[in-house]
Amino acid sequence: MQEQVRVLLKGDEERVYPKGVTVMDVARDISPKLAKEALVAKVDGELVDLSYKLDKDSKVEILTFEDEEGRRTFRHSTSHVMAQAVKRLFPDVKLGIGPAIEDGFYYDFDRDESFTPEDLEKIEKEMEKIIAEDHPFERIEVSREEAIKKLEEMGEPYKLELVNDLPEGAKISFYKNGEFVDLCAGPHVPSTGRLKAVKLTSLAGAYWRGDSRNKMLQRIYGTSFPKKSMLEEYLKKMEEAKKRDHRKLGRELDLFSMHEEGPGFPFFHPKGMILWNTLIDFWRKEHRKRGYQEIKTPIILNEELWKRSGHWDHYKSNMYFTEIDGEGYAIKPMNCPGGILVYKSQVRSYRELPLRMAELGLVHRHELSGVLHGLMRVRSFTQDDAHLYVMPSQIEEEILGVIDLADYVYKIFGFDYHVELSTRPENSMGPDELWEKATSALRNALEKKGFDYKVNEGDGAFYGPKIDFHLKDSIGRTWQCGTIQLDFMMPERFDLAYIGADGEKHRPVMIHRTIFGSLERFIGILIEHYAGAFPVWLSPVQVKVIPVSQKFLDYGLKVKRELEDQEIRVELDERNEKVGYKIREAQLQKIPYMLIVGEKEEAEGLVSVRTREEGDVGTRTLQEFVLEIKKKIDDKK
RNA sequence: GCCCACGUAGCUCAGUCGGCAGAGCGUCGCCUUGGUAAGGCGGAGGUCACCGGUUCGAUCCCGGUCGUGGGCUCCA
């Protein structure tokens with residue numbers, strides 16, 4: 001009697017097949033459509049090829065391009081096809097790695113000459129050929145010895161390095177599509193013919209294994225889709241996203257500018273400053289409510305301070321230096337040492353703790369020239385910093401308080417965010433047990449909040465581990481904004497103390513934290529998030545008064561004055577132009593309200609309201625309009 | 001810092017296979033006084049990023065510097 005396997009499908013449906021049935025057979029049995037769209041499968045939670053044979057009762061999930069893992073497999077297979085095309089055209093290249101990434105894939109190659117954009121076109125053509133040839137992807141499992149032998153024959157030093165680093169007992173596999181064979185854990189789509197629409201998008205350098213001490217390889221980025229139309233849609237979406245780029249909108253909306261005279265040092269224009277000041281007004285209010293005090297410390301401080309804080313040994317390459325009266329000074333890259341001097345300016349009692357001292361501190365950091373990016377990555381920025389000096393027993397509660405504040409603030413702006421926990425880096429100070437204690441305190445807080453979080457091993461600050469809040473820009477890149485860093489080191493180094501209830505000196509713990517992160521970066525994110533169409537409470541210009549003709553300038557001026565009296569940010573378009581022209585411009589400037597005033601309005605003391613989103617919404621009295629807009633401003637809409 | 005690409009008017013971009021540079025928008029002036037996304041005419045505006053080389057002659061070719069963009073490493 002033939003043995004059978006029971007297969008548990010999605011929705012708890014169970015089917016029975018002869019032992020040795022492939023996942024593809026199961027897909028075919030379910031529906032021809034699924035068979036056509038199936039890319040890869042999950043058997044008992046493990047990703048496998050569709051050719052995988054089921055030899056025991058299993059839970060089977062068949063994945064298509066709709067599934068995250070299906071997409072990643074699809075892109076990863078495309079990267080193999082790209083490597084195949086590159087090998088055909090440039091047989092001398094050595095292969096690095098070629099994973100799927102969000103929205104696409106890349107492959108790293110080592111080649112003496114650099115690839116040109118023309119090469120990319122050729123590679124893309126060759127890929128299309130390989131896809132048309134429809135080679136199946138075949139899995140070949142080998143022993144470590146066989147793998148090493150094979151890679152030596154193939155002359156692939158980077159792959160060889162990868163195999164040598166694989167842990168004892170790891171399954172080693174190759175995948176073969178046509179004449180191309182590559183070391184790869186898999187899985188893959190059934191054959192190259194599935195990869196209907198491919199596009200190579202960019203060319204970049206990338207260090208082997210992400211280490212700048214290693215050789216720089218050439219990375220080719222691309223993306224792929226199962227349908228041409230999906231690729232086109234994606235490319236269009238990227239074009240649209242570029243229109244929201246804060247650097248472009250910053251110029252168009254006259255918010256800020258960058259100049260060759262100060263690379264990485266942004267210049268804020270009047271309208272950008274309104275965003276800035278509105279944000280910090282909001283920030284101050286929320287911090288006052290939560291028991292924060294505000295301080296301000298100098299930008300330039302004696303280098304002795306930085307030696308003491310550890311910045312000299314751990315952060316010097318990011319700092320700027322100067323000299324005053326023959327003595328060495330540093331321009332602050334962080335606010336903590338200055339803040340600590342304020343803490344130490346008097347004897348602190350346990351009754352004062354937790355002591356929450358906030359500072360909008362302008363810091364300067366020497367960032368590598370290649371990383372500068374609009375407002376997102378600059379060399380001088382204002383952190384909405386705060387240092388909380390707490391007793392050990394208060395740590396958790398204070399961390400939770402910061403998490404809540406960050407969540408509250410991000411929700412006001414409608415941001416999606418994710419959090420990451422970063423642990424001890426290589427270049428850091430202090431004993432391991434303190435790091436362990438600090439890291440678990442942060443971890444506990446995250447667990448308590450029920451956050452899904454990513455762990456970045458070795459990514460903490462040199463004085464302590466941290467929780468980071470990441471927000472997305474218009475094309476999906478994420479930027480770290482808020483951060484919470486737990487620090488047992490600085491209190492030690494600066495011999496911080498408070499007098500406990502027992503009359504003895506005790507060591508406080510410091511929590512460093514930001515919510516916006518940097519005002520610059522946060523504003524950059526805001527611009528992209530709203531595509532420049534800020535909610536009324538943030539809009540640099542909230543109302544544009546547009547007289548129908550020069551005859552109604554006086555009435556327009558009167559409307560403007562009354563709105564100004566109500567502290568509404570209003571401009572009057574006095575130019576000798578037609579209404580349509582002035583409206584168009586106000587619309588392009590993304591001003592939320594336009595008030596059209598002419599004969600009718602002047603006669604009855606009315607305004608005609610046009611909104612950025614809805615167009616003409618009819619007339620009302622100025623008083624009515626004021627109530628309406630003030631409500632929006634108060635509600636932060 | 002490293003890899004690749006780019007740098008022409010305030011902005012967006014054409015252009016010259018080496019022979020003293022162009023459009024649209026914006027800006028300025030004049031005409032028009034117009035009711036919900038561009039009224040008409042005219043003018044001004046460029047050391048073609050900077051430095052050097054090749055050449056009779058360079059914005060164009062070559063080298064370097066600076067800056068920008070996309071990545072890598074690094075970080076708010």
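Every chain is numbered from 1, with letters handed out A, B, ... down the list of sequences. Hydrogens, waters and symmetry mates are skipped; everything else that's a heavy atom, side chains included, is used.
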Regarding [X], tell me which of base, sugar-phosphate or nothing describes its non-hydrogen contacts under 4.0 Å with the strands shown.
X	value
A:Arg219	sugar-phosphate
A:Thr514	nothing
A:Thr201	nothing
A:Arg111	nothing
A:Met376	base
A:Val579	sugar-phosphate
A:Val378	base
A:Arg247	sugar-phosphate
A:Leu372	sugar-phosphate
A:Ala206	sugar-phosphate
A:Glu601	base
A:Gly210	sugar-phosphate
A:Ser549	base
A:Lys600	base

[X] [atom1] - [N] [atom2] separation (whole Å):
X	N	atom1	atom2	value
A:Leu217	B:C72	CG	P	13 Å
A:Glu426	B:U73	CD	C1'	13 Å
A:His259	B:A49	NE2	P	19 Å
A:Glu102	B:G70	CD	P	17 Å
A:Tyr463	B:C75	OH	P	12 Å
A:Arg477	B:G71	CZ	C1'	10 Å
A:Trp208	B:C72	CH2	C1'	14 Å
A:Glu260	B:U68	CD	C1'	8 Å

Can you tell me if the side-chain N/O atoms of [X] get under 4.0 Å from OP1 or OP2 in [N]?
X	N	answer
A:His373	B:G70	yes
A:Gln480	B:A76	yes
A:Arg251	B:G10	no
A:Ser114	B:C4	yes
A:Arg379	B:C75	no
A:Tyr581	B:G26	yes
A:Lys466	B:A76	yes
A:Gln550	B:U32	no

For A:Glu294, does the CD atom sit with more than 12 other heavy atoms under 6.0 Å from it, leaving out its own atoms? yes

Which is more 5' along RNA chain B, the nucleotide nearest A:Glu577 or the one nearest A:Lys248? Just name the residue. A:Lys248

Start at the 5' end of RNA chain B and walk down; is the nucleotide closest to A:Gly264 or to A:Leu368 reached first? A:Leu368

Is any side-chain N or O of [X] under 3.5 Å from a base N or O of [N], one able to act as donor and the other as acceptor?
X	N	result
A:Asp108	B:G71	no
A:Ser212	B:G1	no
A:Tyr207	B:G1	yes

Walk me through whether A:Asp103 and A:Thr223 qualify under side-chain hydrogen bond (donor to acceptor under 3.5 Å, both in side chains). CA-CA 6 Å; A:Asp103 286 347; A:Thr223 189; over 6 Å; no

Inter-nucleotide [atom1] distance ([N], [M]), Å rounded:
N	M	atom1	result
B:U68	B:A49	P	16 Å
B:A23	B:G43	P	11 Å
B:C25	B:G42	P	13 Å
B:C61	B:C6	P	10 Å
B:A58	B:G63	C1'	14 Å

A:Tyr221 on top of B:G71's base, within under 5.5 Å and under 30°? no

Looking at the side chain of [X], which of [options] is the nearest nucleotide?
X	options	value
A:Asn576	B:A37, B:C75, B:U32	B:U32
A:Ser202	B:G1, B:G70, B:G35	B:G70
A:Val371	B:U73, B:A37, B:A76	B:U73
A:Arg365	B:U36, B:C75, B:A37	B:C75
A:Ser608	B:A37, B:G35, B:A76	B:G35
A:Lys578	B:G39, B:C75, B:C2	B:G39

Going from CG on A:Leu200 to CZ on A:Phe105, what distance comes out if it is rounded to the nearest 0.5 angstrom? 5.5 Å

[X] vs [Y] side-chain heavy atoms within contact, under 4.5 Å:
X	Y	answer
A:Val545	A:Glu571	no
A:Glu286	A:Tyr292	no
A:Met273	A:Phe256	no

Would a distance-only check, ignoring hydrogens and angles, find a side-chain to backbone donor-acceptor pair under 3.5 Å from A:Glu156 to A:Leu95? yes

Here's a test for you: under side chain to side chain contact (heavy atoms under 4.5 Å, CB included), which of A:Val371, A:Ile525, A:Ile523 qualifies with A:Met376? A:Ile525

Both conditions, 6.0 Å and 45 degrees, for the charged tip of [X] above the ring of [Y]: are they met here?
X	Y	result
A:Arg213	A:Tyr207	no
A:Arg75	A:Phe225	yes
A:Arg290	A:Tyr408	yes

Treat a base pair as Watson-Crick or G-U wobble with both distances under 3.5 Å, then lay out RNA chain B in dot-bracket form, 5' to 3', with | for cross-strand pairs. (((((((..((((.....[..)))).(((((.......))))).....(((((..]....))))))))))))....

A:Phe522 and A:Phe516 aromatic ring geometry - parallel, tilted or perpendicular at 30°/60° bounds: tilted

